[in-house]
Amino acid sequence: MNKKITKIITASILSLDIQDKNLAEDLNVEVTQTKNLSHGDFSCSVAMRLSKVLKLPPLDIAKKIINAIEIIDGIERIEAVPPGFINIFLTKSEKTQVLKKILKENNDFATEIPGSKNSVLLEFVSSNPTGPLHVGHGRHAAFGDSLAKLLRKAGYKVETEYYINDAGRQIDILLISILIRALNKLEIKSALPRACYQGEYLNPIADQIIKQYKNLLASLPVNNFLKQDVSEDVEIDLAILSIKNEIGDEMFESLSGEICNITINMIKEDLNTFGVNFDHWYSERSMINNGLINNSINDLKKLNLLYKQEGALWLKTTNFNDDKDRVVLRDDGRSTYFASDIAYHADKKKRGYDQLINILGSDHHGYIGRLKAGLSSLNFSPEDLEVVLVQFVSLYRGKKKIQMSTRSGEFIPMSELYNEVGVDAARFFYVSKSQSQHLEFDLELAKQTNNENPVYYIQYAHARICRVLTQMTSQTMSFEKAIAEKNLDKLTTKHEVELIAKLSGYPALIKQSAHNKTIHTLANYLHELAQLFHSYYGAETFLIADKELRNARVLLIQAVKIILKNGLSLIGVSAPSKM
RNA sequence: GCGCCCGUAGCUCAACUGGAUAGAGCAUCAGCCUUCUAAGCUGAGGGUUAGAGGUUCGAGUCCUCUCGGGCGCGCCA
């Protein structure tokens with residue numbers, strides 16, 4: 001309908017006696033659904049935009065457009081109101097069409113044809129496998145998973161991916177942390193370097209290592225790794241070196257591989273419980289082993305974009321809008337994290353996706369330019385990569401802010417959160433606010449106000465509808481679709497009109513949310529829909545003697561039920577039939 | 001110092017790419033269960049959108065400056 005109206009308005013403008021026809025054609029006629037029903041069902045502000053070029057008062061232009069317009073089926077009337085809005089009122093039967101459509105299409109309502117848009121690789125969470133996910137990752141997981149579902153509904157072909165940083169110094173540190181912990185458990189006392197990871201989650205891993213490698217551990221000499229006289233960084237590097245020498249590079253590699261497997265499985269299980277499952281798990285280590293990183297560096301060499309300075313190999317990212325050049329190979333010959341990322345993103349493109357979307361923490365915003373420069377330098381278009389930034393989650397216990405740091409082990413695991421408040425509530429809470437805003441999460445409040453959480457409000461609306469439907473059958477009434485569809489004109493109360501308008505807006509909401517990559521808009525929409533329903537529920541009785549009105553109302557609430565369930569499913573929240 | 005993000009009701013947040021009277025929840029106050037589930041409904045109070053200029057038919061939204069907060073500027077990942 002929206003498109004049809006746009007068309008007739010555009011046609012009307014073109015039929016006017018306008019000197020500059022090109023300008024009228026270039027003009028983007030926007031027809032939007034109104035917020036306020038007294039302004040009609042749709043409204044258009046094009047007259048006010050034309051006002052300046054035509055040098056006429058906007059209201060006059062609006063009137064002219066209306067006079068020249070060709071009224072089509074489904075439109076009741078069109079009016080021009082100050083300061084120059086064109087408001088379009090639809091006929092009753094046109095408005096209720098949407099209800100029939102929702103019932104007919106069910107979950108497919110507002111779903112675009114699969115694959116009608118770009119193919120997308122969506123990467124998110126990608127937390128370092130050095131420990132369990134914490135509440136900050138939870139936001140990324142909830143947001144990313146919902147975005148994948150939303151984009152699929154909007155017609156994109158989406159695959160999700162988790163990039164595993166299972167190479168590099170952090171993994172060495174993890175290994176040292178676990179080995180020393182294991183030694184201590186075996187009464188081979190050794191102090192922990194300052195940079196080591198701490199936290200309860202290391203215990204079961206250490207136990208497992210003891211089980212499998214008792215002899216190896218026992219053969220290690222007692223060593224004091226704590227060296228207060230050097231810096232933290234030097235201290236840990238010495239510890240890594242010393243252990244490597246003791247057990248050999250090969251054993252070191254195999255051990256850290258094994259430990260990564262354990263932590264990755266912890267993370268997978270955690271995400272699975274949270275309702276988040278990835279299509280692909282992509283390992284950085286595998287990329288080193290199969291030569292992808294070397295290949296990329298060779299490609300860059302051929303393109304003459306590398307140079308040596310102070311023993312290291314640099315990439316001229318400044319050629320591509322970066323503020324300084326970046327190192328890809330260190331003076332000791334090892335590749336940098338950035339080198340991995342260039343190879344990784346080039347590989348993503350080579351796998352054939354049109355569009356790459358990365359969801360990153362806002363603290364990584366400085367990295368975006370570098371990533372795009374990396375893609376550009378290998379002749380990929382930087383526009384193919386879109387980065388969605390998610391702001392931090394601040395945790396509070398009451399008024400006290402909790403400081404989080406993975407290394408010190410002072411973090412609240414994501415699992416603790418969803419165990420306390422439930423997966424549904426946690427997921428809804430995470431996505432109910434714009435990802436570009438800081439999220440303040442008060443644990444005390446979240447745990448206490450279980451029943452006040454907005455997610456229950458929405459779920460309750462769904463459960464109430466289900467209840468009405470079962471009551472209907474137990475009162476030996478049945479839903480007769482034909483009767484209902486014939487009597488939709490009888491839905492005339494304020495609540496009914498508003499509900500129908502709200503339901504009509506669902507496809508546009510999906511489209512717009514997918515375009516803007518926001519989920520909170522969907523969460524808000526569902527809350528508003530539930531609110532309209534609860535209000536309706538309080539004002540009217542559905543199961544009444546009047547068969548015609550009853551069936552029409554039951555059809556309406558069934559449509560509400562379908563949309564509630566569909567919307568909740570996109571957020572990864574269940575729609576219970578009983579509460 | 002340079003760069004990015006943010007500042008809306010007592011609190012937590014909305015406001016569809018500049019649109020009509022800035023909206024919800026929580027909290028506060030006053031009502032509603034003999035009737036489809038009260039995890040609900042109805043109503044009230046609460047705002048100079050941090051501040052000052054500017055752009056235009058129209059600004060919370062765009063531009064400039066000031067103030068206040070967060071983050072980033074490694075041969076870490």
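Throughout, a chain's letter reflects where its sequence line sits, starting with A, and its residues are numbered from 1. Since the model is a prediction, treat every value here as computed from it, not as a measurement.
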| task | Please state whether the rings of Y344(A) and Y282(A) are parallel, tilted or perpendicular, taking 30° and 60° as the class boundaries. | result | tilted

| task | May I ask whether H39(A) stacks on the base of A20(B), given the cut-offs of 5.5 Å between ring centres and 30° between planes? | result | yes

| request: Would you kindly say whether T493(A) and E496(A) are connected by a side-chain donor-acceptor distance under 3.5 Å? | output: yes

| task | Counting heavy atoms from C-beta on, name the nucleotide in A38(B), A39(B), C75(B) closest to the side chain of M579(A). | result | A39(B)

| message | At 4.0 Å (heavy atoms only), tell me whether H515(A) reaches a base, stays on the sugar-phosphate, or touches nothing. | response | base

| said: Below 30° counts as parallel, above 60° as perpendicular, anything between as tilted: where do the rings of Y367(A) and Y337(A) land? | reply: tilted

| message | Can you identify which nucleotide, out of A77(B), C13(B), A20(B), has its nearest atom closest to the Y367(A) side chain? | response | A77(B)

| message | Applying a 4.0 Å non-hydrogen cut-off, can you work out what K578(A) is touching in the nucleic acid: base, sugar-phosphate, or nothing? | response | base

| From G19(B), U17(B), G72(B), pick the nucleotide closest to the side chain of R49(A)? | G19(B)

| message | Counting only side-chain heavy atoms from C-beta out, which of A15(B), G19(B), C36(B) sits nearest to P83(A)? | response | G19(B)

| N/O donor-acceptor pair, side chain S45(A) with base A20(B), under 3.5 angstrom | no

| Side chain of Q437(A) (C-beta onward), nearest among C13(B), A24(B), A20(B) | C13(B)

| query | Which nucleotide, A20(B), A77(B), G3(B), lies nearest any side-chain atom of E284(A)? | reply | A77(B)

| said: Classify D331(A) by what it touches in the nucleic acid, base, sugar-phosphate, or nothing, heavy-atom distance under 4.0 Å. | reply: base

| request: Measure from the side chain of R330(A), starting at C-beta and using heavy atoms only, and say which of A20(B), C73(B), A77(B) lies closest. | output: A77(B)

| task | Indicate yes or no: at least one non-hydrogen side-chain atom of M287(A) is less than 4.5 angstrom from one of S340(A). | result | yes

| said: Is there aromatic stacking of Y457(A) on A39(B) here, judged by a ring-centre distance under 5.5 Å and a plane angle under 30°? | reply: no

| query | So what does Q391(A) touch, heavy atoms closer than 4.0 Å: a base, only the sugar-phosphate, or nothing? | reply | sugar-phosphate

